[in-house]
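All residue numbers refer to positions in the sequence shown, counting from 1. Order of listing sets the numbers, starting from 1, for every ligand and every atom in it.
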Amino acid sequence: MARLNSKIHEVIVTTVSAENKPYSAPMGIKEVNGHFLIQPFKPSATYENLKQHRQCVINYTDDVRVFAGSLTGRRDWPTKQCQKIEGFYLEQALAHTELEIIEFDDADPRSCFTGQVVHEQTHAPFRGFNRAQSAVIEAAVLTSRLGMLSEEKIRQEIAYLTIAIEKTAGERELEAWGWLMDKIKQAGITLND
Ligand SMILES: Cc1cc2nc3c(=O)[nH]c(=O)nc-3n(C[C@H](O)[C@H](O)[C@H](O)COP(=O)(O)O)c2cc1C
């Protein structure tokens, strides 16, 4: 049986830079006793931003272009000002949570910031699961590990994920998928088109 673990939610965390600009990155976060744990690698922009500005936003979005975009140099998504903290949330968010960081563990290689909920807002309904969206998230994770995985492993995984893309993708998913496939090919990996 699988090891019992805290469930991980793939979200977009928006932090604030020293220049007061929003910075959005995909993160796998955990909810423990009503608090959220965010674990950015060191070094990273999210880590630096959270260290100097102890507030941030969790965005729940089904626009997977934001996930694929952050791995392919497309980070300029429209944002709005938060209600209760000095921060920003994504316009595409179905819902967002505003957090105040109450604890910080500077562990290596991943730090851990514990956030307390200050405010939550829902903007649009969740319309159900879409397999192509999950496929894009999986491909984004693969793309973030290009240097660590074998070419054969990447080819096999992409071949399987392509089935969901071909059967269930809409425009956003196709666009996000295209960005990731370009990045994989640019890394010198030949995919079976
Ligand atoms: C689904 C998904 C989950 C991720 N979760 C994490 C995470 O929990 N911690 C982390 O440091 N990076 C995570 N990453 C990678 C970062 O989003 C990416 O490397 C990002 O650019 C972080 O570095 P930055 O803050 O300097 O941009 C994840 C990527 C994806 C696609």
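- Tested against His96, the residues Asn59, Ile58, Thr122, Thr14 include a single side chain to side chain contact (heavy atoms under 4.5 Å, CB included) partner, Asn59.
- Ligand 1 places these atoms under 4.0 Å from at least one heavy atom of Thr46: 25 (O).
- Note: Leu146 CG to Glu151 CD = 9.5 Å, rounded to the nearest 0.5 Å.
- More than 12 heavy atoms of other residues, nucleotides or ligands sit less than 6.0 Å from atom NZ of Lys42.
- Put simply, part of Gly28 is less than 4.0 Å from ligand 1, judged by heavy atoms.
- Protein heavy atom in closest approach to atom 23 (O) of ligand 1: Ser44 CB, 3.7 Å.
- Of all atoms in ligand 1, listed by their number and element, those nearer than 4.0 Å to a heavy atom of Glu10 are 1 (C), 2 (C), 3 (C).
- Regarding atom 11 (O) of ligand 1, its nearest protein heavy-atom neighbour is Phe41 N, 2.7 Å.
- Atom-to-atom distance recorded for Leu180:CG and Ile165:CD1 is 9.0 Å, nearest 0.5 angstrom.
- Within ligand 1, counting atoms from 1 as listed, the ones closer than 4.0 Å to a heavy atom of Gln39 are 7 (C), 8 (O), 9 (N), 10 (C), 11 (O).
- Heavy atoms from other residues, nucleotides or ligands lying under 6.0 Å from CD of Glu120 number more than 12.
- Ranking protein heavy atoms by distance to atom 31 (C) of ligand 1, first place goes to Ala140 CB, 3.7 Å.
- At a distance under 4.0 Å, no protein heavy atom can be found next to atom 19 (O) of ligand 1.
- Across Pro109, Ser144, Ser111, Pro26, heavy-atom proximity to atom 16 (C) of ligand 1 is greatest for Pro26.
- Among protein heavy atoms, atom 22 (C) of ligand 1 sits closest to Met27 CE, 4.1 Å.
- Within the 4.0 Å heavy-atom cutoff, Tyr47 does not count among the residues contacting ligand 1.
- Those atoms of ligand 1 with a heavy atom of Val141 less than 4.0 angstrom away are 1 (C).
- For the pair Arg110 and ligand 1, the shortest N or O to N or O distance falls below 3.5 Å.
- At a 3.5 angstrom cut-off on N or O pairs, Leu71 does not count as close to ligand 1.
- The distance from the CZ atom of Arg65 to the CZ atom of Arg74 is 11.0 Å, given to the nearest 0.5 Å.
- Among protein heavy atoms, atom 27 (O) of ligand 1 sits closest to Tyr23 OH, 2.4 Å.
- Scanning all protein heavy atoms for the shortest distance to atom 21 (O) of ligand 1 gives Arg75 NH2, 3.0 Å.
- Using a 3.5 Å distance cut-off with no hydrogens or angles, the side chains of Gln55 and Glu98 do not pair a donor with an acceptor.
- Between Pro40 and ligand 1, no pair of N/O atoms sits closer than 3.5 Å.
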Item to complete: May I have the step-by-step check of side chain to side chain contact (heavy atoms under 4.5 Å, CB included) for Ile38 and Leu99, ending in yes or no?
Response: CA-CA 11 Å; Ile38 302 170; Leu99 293 181; 3.9 Å; yes
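- Atom CZ in Phe67 sits 11.5 Å away from atom CD in Glu138 (nearest 0.5 Å).
- By the 4.0 Å heavy-atom criterion, His9 is excluded from the residues contacting ligand 1.
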Discussion item. With side chain to side chain contact (heavy atoms under 4.5 Å, CB included) as the criterion, how do Val57 and Ile85 come out once you've worked through the C-alpha distance, each side chain's angles and the decisive distance to 0.1 Å?
Written reply: CA-CA 9 Å; Val57 165; Ile85 61 164; 4.0 Å; yes
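- With hydrogens left out, the protein atom closest to atom 26 (O) of ligand 1 is Ala45 N, 2.7 Å, a heavy atom.
- Ring orientation note: the planes of Tyr47 and Phe104 are tilted relative to one another, at an angle of 30° to 60°.
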Item to complete: Could you walk me through whether Arg172 and Asp62 pass the side chain to side chain contact (heavy atoms under 4.5 Å, CB included) test, one step at a time?
Response: CA-CA 10 Å; Arg172 286 173 168 186; Asp62 60 359; 3.9 Å; yes
